[in-house]
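Computed from heavy atoms alone, side chains included, the values below leave out hydrogens, waters and symmetry copies. Letters go in sequence order (proteins before strands), and every chain restarts at 1. None of these values were measured; they are calculated from a predicted model.
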Amino acid sequence: MPDPQTSSYLDSLNDVQRQAVTTIDGPVLVVAGPGSGKTRVLTYRIAHIIEQGTAPWEVLALTFTNKAAREMKERIETVVGKRASYIWAGTFHSLFARILRVEAQHIGYPTNFTIYDTDDTKSLIGSIIREFHLDKQVYQANAIKNRISSAKSSLITPKLYEKNEELLAQDKMANMPLVYKIYAAYVARCKQAGAMDFDDLLFRLYELLQNHPEVVAKYREKFKHVLVDEFQDTNTLQYAIIKRLVQYPNSPRNICVVGDDAQSIYAFRGATIQNILDFENDFGQHNIRVFKLEQNYRSTENIVNTANAVISYNKRQIQKKIWSDKGTGDKINIIKAVDDNEEGRRVADTILEQKNRYHLQNSDIAILYRTNSQSRIFEEYLRRFNIAYRVYGGQSFYQRKEVKDLIAYLRMVVNPNDEEAFRRSINHPKRGIGGTSVSKVTDLARQQNITLFEALKHVALPNRTRHAADGYIHTIEQAQAKADTANAYELADAIAKGSGLTDMLRNDKSIEGMGRLENHEALLDGIKSFVEEDTLIDTDTLPDKSLATYLQNIALLTDFDSNEENQTGDVVTLMSVHAAKGLEYKSVYVVGLEEKLFPSWMSMDSMEGLDEERRLFYVAITRAEFYLTLSYANTRYRYGKMVMNEPSRFLSEVPADAIENTSSNRRSADHEYDEVSRQREQRASVTGVAPRNRRGTARFAAPKVDPATFQPSPAEEVQTGRNVLHLKFGEGKVIDVDGGADNRIATIHFSELPQPEKRIMLKFAKLQVLD
DNA sequence: CATATGTAGATTTTT
DNA sequence: TCTACATATG
């Protein structure tokens, strides 16, 4: 029964798109260029599948980000209605975690297994290195973490690793011949702790499907259609799981993968475009259909042509011709700055100019950089120019110390075997159980092969310490006892009080401390709304409000997903190029185009590395709809040192006829620019419009001052005797100002600080003059 | 065991 | 510049 909506959604598609949507039987590969309506095809295809009679919960749609999944579901909902919430649409990690939770008993894991994040992983590897008495300068936890991660992503178990001559040789070369032992120990310890890291969520599922025929049969039966977004970013392990689910005798092979080899930017994480090529082979004999979406609906011809020209420097790609009919459009603007400071100022300046000339909203504009650390200068100038902005990326709310501290307790309640949660919570707040005691506990645990928590109960300790330990044990066990009857919020609240965490934070009257308390309370609020809100977790089972579910959910959230005042307001977006994948803006600034930065120095010594950087650049420029501005600086500060860099090779790959011809004029116009922008800064601070929507939490630890009302003043106004406000330090009085004209240093007395006197470089500081 | 202070070291991208 | 760790001191 074709309802009117059904026919209308098909009408809005072009021929290729429509075929990709309606060919729902058998394997389909969609090669989708940037802006070619990929998401549209995916969502309509799912809608179509459901309209054709498949139940929503029989559709598995895998994405890389929660955001992509959410967006997809919302869009499907407009076509098929509320049923959309039953679709199994989500990230690889979250959906697999959900399956693993149900099937945990098959692989010797508790249902309430913990998900170790990167910090937990690193810390555990660190412990193992220590216990093996290895030199941690040589055996760097981070490097080993990456080794282990890529092993798992390539389906290499510790046993296989141990026998793999190539890997062993590499490790020897790196002076770390024992990595295989650390790997084995790491896996054992995770298992013992009832914990899985990000890779385990994939790897353990793979093993489950591999070793338990009745389980794999169940999911093969369940998922009638499988769709994979961003297929170019899947790794070997992910593809192996997909194949396991779809490829078997008499399978209908209803699988659709969508990807673009030119936008593969996660090879460093084990993603391989080989999967696209393999897909054609693996499903080739089963009437595979290949659709190429080549029309770009997003960008002007100038931008599309530039992107094509740039990516053509990469050999080895799937043949396709991306085109646009949106008209030639504006040429590309290139900003050459002498240093990073000027880059920031000129970009902010150009943004203002563009806003006026083209009537752009802030939200039409994005600044994209290679590394998150580049955001600072742009933040600084946007603030000075009173342009509202929002920084994405960096630390997510759930990774802040004070938040993780409370979460550690909650993790202990749900899974007392969780070793990393134990280490984090045992002496926090300080209760006098230091390194010595923890060593004793660890030794006993190893010796008797029991968990740290068990060991803590039985280990011999001096009286004082014993007493403290008992208090800790009591808190955890009391909460455990209530775990069945109380909801997540009640438990968390009881723990926060019982552990002394809340008290500790309350007693910290410092400005940072108050910020931490705020975050602590925000976490509790978050748990409360998790319990109360009716945002039903996408599931075909009952909504699950347990603490365990909550913990598994938040473990997989990133900065992008933070629910707080999401994308509200008209703000300029600042983020890394990686984070920008899938997004579009009327005007895009790709900044820091310098050798060793973009392309990154880490990638410059190999062809593959460079190609990936180029694809990254390709992704960056194809985010732009109408205006594209590229910028670089001749010198910039890095780790406090000035470094000189050549302009990026990618700039020379941009066709000359696509570039605005004013770049030669820019230099002579610099002086004028300076004047204009200085006046603007002045005006901005006088009008007193508070910069809005800055995420108070993004870059500065626990600001003292509400960033919403904070208005930085021009440095010249900071003079001896004045009272000023500092974002981090709060209120203070200027005692003295010294230093050269362009390097003035103020000595300021901040009464709220334990060490009140601070010397602040006015060049960098954000100060608001109060009187 | 906790805290203060110093120094060395490291900085890509993220589920 | 910032952080993490080591050391010294209370």
Side-chain angles (χ1 to χ4, degrees), chain A residues 62-69 90-97 115-119 121-123 126 130 136-137 140-143 145-146 149 152-153 196-202 230 233-235 237-238 264-271 368-374 376-377 392-396 398-399 401 427-439 461-462 464-465 468 555-561 575-581 592 596-604 609 612-613 615-617 619-620 636-643 699-701 754-755 761 764:
Chain A
L62 297 162
T63 66
F64 271 83
T65 63
N66 297 302
K67 185 166 166 289
T91 63
F92 282 88
H93 296 269
S94 69
L95 293 183
F96 292 176
I115 297 173
Y116 274 177
D117 70 9
T118 315
D119 286 342
T121 298
K122 254 198 282 191
S123 146
R130 231 173 296 123
K136 67 172 182 264
Q137 309 283 7
Q140 286 178 22
N142 230 334
K145 191 201 82 198
N146 290 336
S149 173
K152 284 181 184 168
S153 305
M196 298 199 204
D197 64 20
F198 290 139
D199 299 309
D200 286 331
L201 294 175
L202 311 179
E230 309 281 12
D233 289 331
T234 52
N235 61 33
L237 173 55
Q238 285 162 323
S264 161
I265 54 175
Y266 286 106
F268 72 94
R269 227 163 74 186
L368 308 182
Y369 32 76
R370 178 66 240 264
T371 64
N372 281 316
S373 58
Q374 286 167 258
R376 286 188 92 173
I377 296 189
Y392 285 90
Q395 224 186 14
S396 96
Y398 298 103
Q399 309 202 297
K401 279 191 203 77
N427 198 27
H428 204 279
K430 303 254 183 289
R431 47 170 75 82
I433 306 177
T436 317
S437 303
V438 173
S439 290
L461 292 171
R464 252 165 168 281
T465 322
L556 298 170
L557 291 183
T558 60
D559 188 43
F560 248 115
D561 311 312
M575 64 185 156
S576 71
V577 180
H578 280 89
K581 191 175 63 167
K596 298 182 187 169
L597 182 59
F598 198 175
S600 155
W601 60 274
M602 297 279 321
S603 317
M604 285 178 65
E612 174 141 318
E613 295 287 316
R615 291 192 295 267
L616 199 52
F617 184 51
V619 167
R636 76 170 59 238
Y637 276 96
R638 240 186 157 179
Y639 333 126
K641 271 198 173 156
M642 173 97 90
V643 289
R699 290 270 156 232
F700 301 106
Q755 230 197 349
M761 294 185 71
F764 303 117

Partner set under salt bridge (Lys or Arg N to Asp or Glu O under 4.0 Å) for A:Asp233, not counting sequence neighbours:
A:Lys581
Protein-nucleotides 2-4 of chain B N/O pairs under 3.5 Å:
from	atom 1	to	atom 2	distance (Å)
B:dA2	OP1	A:Gly432	N	3.0
B:dA2	OP2	A:Asn427	ND2	3.3

Rounded off to whole Å, could you give me the CG-to-P distance for the A:Asn146 and B:dT15 pair?
15 Å
What are the atom names and distances for every N/O pair under 3.5 Å that joins the protein to nucleotides 8-12 of chain B?
from	atom 1	to	atom 2	distance (Å)
B:dT12	O2	A:Arg370	NH1	3.0
B:dT12	O2	A:Arg370	NH2	2.5

In whole Å, what is the span from the CG atom of A:Asp233 to the P atom of B:dT13?
16 Å
Using a cut-off of 4.0 Å on non-hydrogen atoms, how would the nucleic acid contact of A:Phe92 be classed: base, sugar-phosphate, or nothing?
nothing
With sequence neighbours left out, what residues match A:Thr371 under side chain to side chain donor-acceptor pair (under 3.5 Å)?
A:Ser373, A:Gln374
When rounded to whole Å, the CG to C1' distance for the pair A:Leu62 and B:dT15 reads 13 Å
Measure the distance from NZ on A:Lys152 to P on B:dT15 and round it to the nearest whole Å.
18 Å
Classify A:Thr465 by what it touches in the nucleic acid, base, sugar-phosphate, or nothing, heavy-atom distance under 4.0 Å.
nothing
A:Arg636 meets the salt bridge (Lys or Arg N to Asp or Glu O under 4.0 Å) criterion, sequence neighbours left out, with A:Glu343, A:Glu594
Could you verify whether a donor N or O on one side chain and an acceptor N or O on the other, from A:Ser439 and A:Thr436, lie under 3.5 Å apart?
no
Can you list the residues that meet the side chain to side chain donor-acceptor pair (under 3.5 Å) rule with A:Glu613, with sequence neighbours excluded?
A:Arg370, A:Ser603
The side chain to side chain donor-acceptor pair (under 3.5 Å) partners of A:Thr121 (sequence neighbours excluded) come to A:Tyr186
Nucleotide B:dT15, atom P - distance to NZ of A:Lys67 in whole Å
12 Å
Just to verify, what does A:Phe92 make a ring pair (Phe, Tyr, Trp, His ring centres under 6.0 Å) with, not counting sequence neighbours?
A:Phe64, A:Phe96
Those residues that, when tested against A:Asn142, pass side chain to side chain contact (heavy atoms under 4.5 Å, CB included) (two or more places apart):
A:Lys122, A:Lys145
Between the protein and nucleotides 4-6 of chain C, list every N/O to N/O distance that falls short of 3.5 Å.
from	atom 1	to	atom 2	distance (Å)
C:dA6	OP1	A:Lys136	NZ	2.8

Between B:dT14 atom P and A:Tyr392 atom OH, what is the distance in whole Å?
14 Å
Is any side-chain nitrogen or oxygen of A:Thr118 closer than 4.0 Å to OP1 or OP2 of B:dT14?
no
To the nearest Å, give me how far apart CZ (A:Phe617) and C1' (B:dT13) are.
17 Å
Between C1' of B:dT13 and CD of A:Glu612, the distance in whole Å
8 Å
Mind checking what makes side chain to side chain contact (heavy atoms under 4.5 Å, CB included) contact with A:Pro462, not counting sequence neighbours?
A:Lys440, A:Thr465
Straight-line distance of A:His428 NE2 to A:Lys401 NZ, nearest 0.5 Å:
9.0 Å
List for me each residue that meets side chain to side chain donor-acceptor pair (under 3.5 Å) alongside A:Ser153, sequence neighbours excluded, and say none if there are none.
none
